[in-house]
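In listed order, ligands and their atoms are each counted from 1. This is a predicted model, so every value here is computed, not measured.
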Amino acid sequence: MLALYTGRAQAVDMNAFRNLNRPVAQAFDKEIIKVEKFVITGGKPLHGEVTISGAKNAAVGILPATILAADVCVIENLPDISDVAVSLKILSTLGAQVKMLNRNTYEIDTTHLTGTNVPDDLSRQMRASYYFLGALLSRFGRAQVAMPGGCNLGPRPIDQHLKVFSALGAEDSVDYGMITVRAKELNGAHIFFDKVSVGATMNGMLSAVMAKGQTILENCAKEPHVVDLANFLNMCGADVRGAGTDVIKVRGVEKLHGCTYSIIPDQIEAGSYMVAAATGGDVLIKNVTPKHLEPITAKLRRAGAEVEEFDDAVRVRRTGDILPLKINTMPHPGFPTDMQPLMGVLLSVAKGTSTVTESVWDNRFRYVDELRKMGASVQVDGQVAVFEGVEKLSPAPLRALDLRAGAAMVVAALMADGTSEIEEIGHIERGYENIVEKLRGLGADISKVDRVPAALEQAL
Ligand code: UD1
């Protein structure tokens with residue numbers, strides 16, 4: 001049964017509803033009035049096995065990078081999430097032939113591209129559209145992309161991206177929110193990033209792979225997805241060395257070629273299920289790279305969870321108290337900022353006082369207001385949040401304010417005895433493949449329902 005959820009908390013059989021009110025049902029079918037949310041009844045420990053999908057942050061860099069191959073690439077282990085769908089749509093719009101081989105594998109032929117302007121509405125749907133700037137600039141000497149969208153985590157400048165493009169010989173301009181970069185030719189350069197930036201490091205590699213001579217990038221981000229992009233580029237014939245360290249050296253090559261490449265497992269999706277398991281349960285998390293999870297594993301162990309590492313899996317269990325922690329988010333290999341809201345939820349029920357310092361983004365404690373609705377006791381002062389652990393969280397109506405804040409609310413709802421509803425779940429679906437099915441597989445009581453807005457309920 002397709003359940004239609006109303007504000008009066010009734011689930012209505014969609015077929016019965018169609019007979020009741022044809023115009024509203026038609027509008028619903030056309031997704032005009034569809035508002036989706038998660039309904040979660042918590043308090044049940046998670047048990048079983050879950051398989052982690054490919055890394056979102058690697059996928060959104062590697063898909064634009066296929067442009068550089070000017071050939072056929074087969075990309076495997078792509079997560080089935082909306083940020084990947086948008087990236088594939090952008091590639092199609094630019095003239096690439098995109099063929100789905102299965103749910104997680106796509107063949108992308110970028111031999112004949114017809115455009116260098118990424119459509120405004122598509123680029124605004126995700127932050128990572130900025131990778132099209134580096135890739136298109138590198139291949140065609142020109143690119144136009146709207147100022148990127150994505151999560152609202154405070155100011156998200158791209159000055160370090162533009163710094164690389166400029167050092168390589170490109171000019172940039174921003175008009176009406178559109179960024180244009182142009183270059184007659186790109187020449188290798190020595191760049192020192194003023195700030196450690198994942199995006200600027202990846203755009204540095206994308207723009208330098210076919211520049212003349214050598215490019216040296218210093219003070220680089222070392223995240224697993226930075227290394228994954230370098231590996232993909234090298235498989236296409238690029239000469240990129242040092243990814244995963246502070247210094248990356250790129251020797252420009254004349255041209256690249258296609259390849260078949262499998263994306264690494266998603267560090268943050270894995271970490272999210274690890275935290276969910278650490279709230280109380282026993283979960284085997286498969287298809288992971290345990291090395292990438294070390295900063296998360298270390299904190300979870302200190303919080304009282306048992307984490308057992310295998311070659312490509314981790315098992316997380318917890319039966320005793322959750323212990324308070326001090327956390328400071330840092331670029332890799334520090335504790336990932338994207339895990340901060342999820343750990344915040346766990347610490348909200350720790351036995352004692354925890355301190356969480358957010359050192360990467362200015363505005364990453366907005367989820368705390370949602371958590372307070374559930375009874376959490378949290379004081380935020382600038383970049384520091386102090387969590388006084390409470391006995392338990394209570395169910396509440398919640399919002400997914402951004403991707404990871406949304407995932408954190410899912411974990412919070414799983415912890416609360418009773419039923420919570422989470423709205424604006426589109427944010428969560430940007431980054432978590434099949435979250436409902438995966439959590440149900442672990443015994444969670446979660447469903448995704450479509451709700452008719454209150455104003456239209458009168459018509460029911
Ligand atoms: C990526 C991730 C995001 C994660 C972040 C930090 C993707 C698609 N997103 O975002 O989930 O939270 O890394 O791990 O991979 N900065 C500048 N100037 C710039 C670029 C960044 O000052 O030109 C600053 C930012 O404001 C921020 C810090 O550098 O304070 C880190 O940002 P960055 O690593 O670039 O994040 P993203 O690549 O956008």
Under 4.0 Å from a heavy atom of [X]: give me the atoms of ligand 1 that qualify, with their elements.
X	answer
Asp338	3 (C), 4 (C), 11 (O), 12 (O)
Thr337	6 (C), 12 (O), 14 (O)
His161	23 (O)
Gly199	35 (O), 38 (O)
Ile158	19 (C), 23 (O)

May I ask you to say whether [X] pairs ionically with [Y], meaning some side-chain N is under 4.0 Å from a carboxylate O?
X	Y	result
Asp83	Arg430	yes
Arg317	Glu306	yes
Lys222	Asp246	yes
Glu437	Arg440	no
Arg241	Asp239	yes

Structural part of [X] in contact with ligand 1, heavy atom criterion under 4.0 angstrom:
X	answer
Arg364	side chain
Asp159	both
Phe193	neither
Arg127	side chain
Val360	both
Lys195	side chain

### Among Ile263, Leu68, Thr66, side chain to side chain contact (heavy atoms under 4.5 Å, CB included) partner for Phe232
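Among Ile263, Leu68, Thr66, the one that satisfies the side chain to side chain contact (heavy atoms under 4.5 Å, CB included) with Phe232 is Thr66.
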
### Message
Check contact between Met330 and ligand 1, using heavy atoms of the residue and a distance below 4.0 angstrom.
### Response
no

### Task
Please state whether Ala221 comes within less than 4.0 angstrom of ligand 1, counting heavy atoms only.
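Heavy atoms of Ala221 never come under 4.0 Å of ligand 1.
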
### Approximate separation, where rounding is to 0.5 Å, of Glu223 CD and Ser197 OG
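Going from the CD atom of Glu223 to the OG atom of Ser197 covers 9.5 Å.
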
### Task
State, without any angle test, whether Thr357 and Gln383 hold a side-chain donor-acceptor pair at a distance under 3.5 Å.
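No, because no side-chain N or O of Thr357 sits under 3.5 Å from a partner of the opposite role on Gln383.
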
### Query
Taking atom types as modelled, is there a side-chain donor on Glu185 or Asn187 under 3.5 Å from an acceptor on the other?
yes

### Summary
Checking heavy-atom distances from atom 20 (C) of ligand 1 to each of Ala200, Pro157, Pro336, Pro331, the winner is Pro157

## Note on the structure
Candidates Val198, Asp83, Val60; heavy atom nearest atom 34 (O) of ligand 1 found on Val198

### Query
Are any side-chain N or O atoms of Glu358 and backbone N or O atoms of Val360, one a donor and one an acceptor, separated by less than 3.5 Å?
yes

Sub-3.5 Å N/O-N/O distance, [X] and ligand 1:
X	result
Gln160	yes
Lys56	no
Ser197	yes

### Task
Just say parallel, tilted or perpendicular for the rings of His332 and His292, cut-offs at 30° and 60°.
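Correct class here is perpendicular.
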
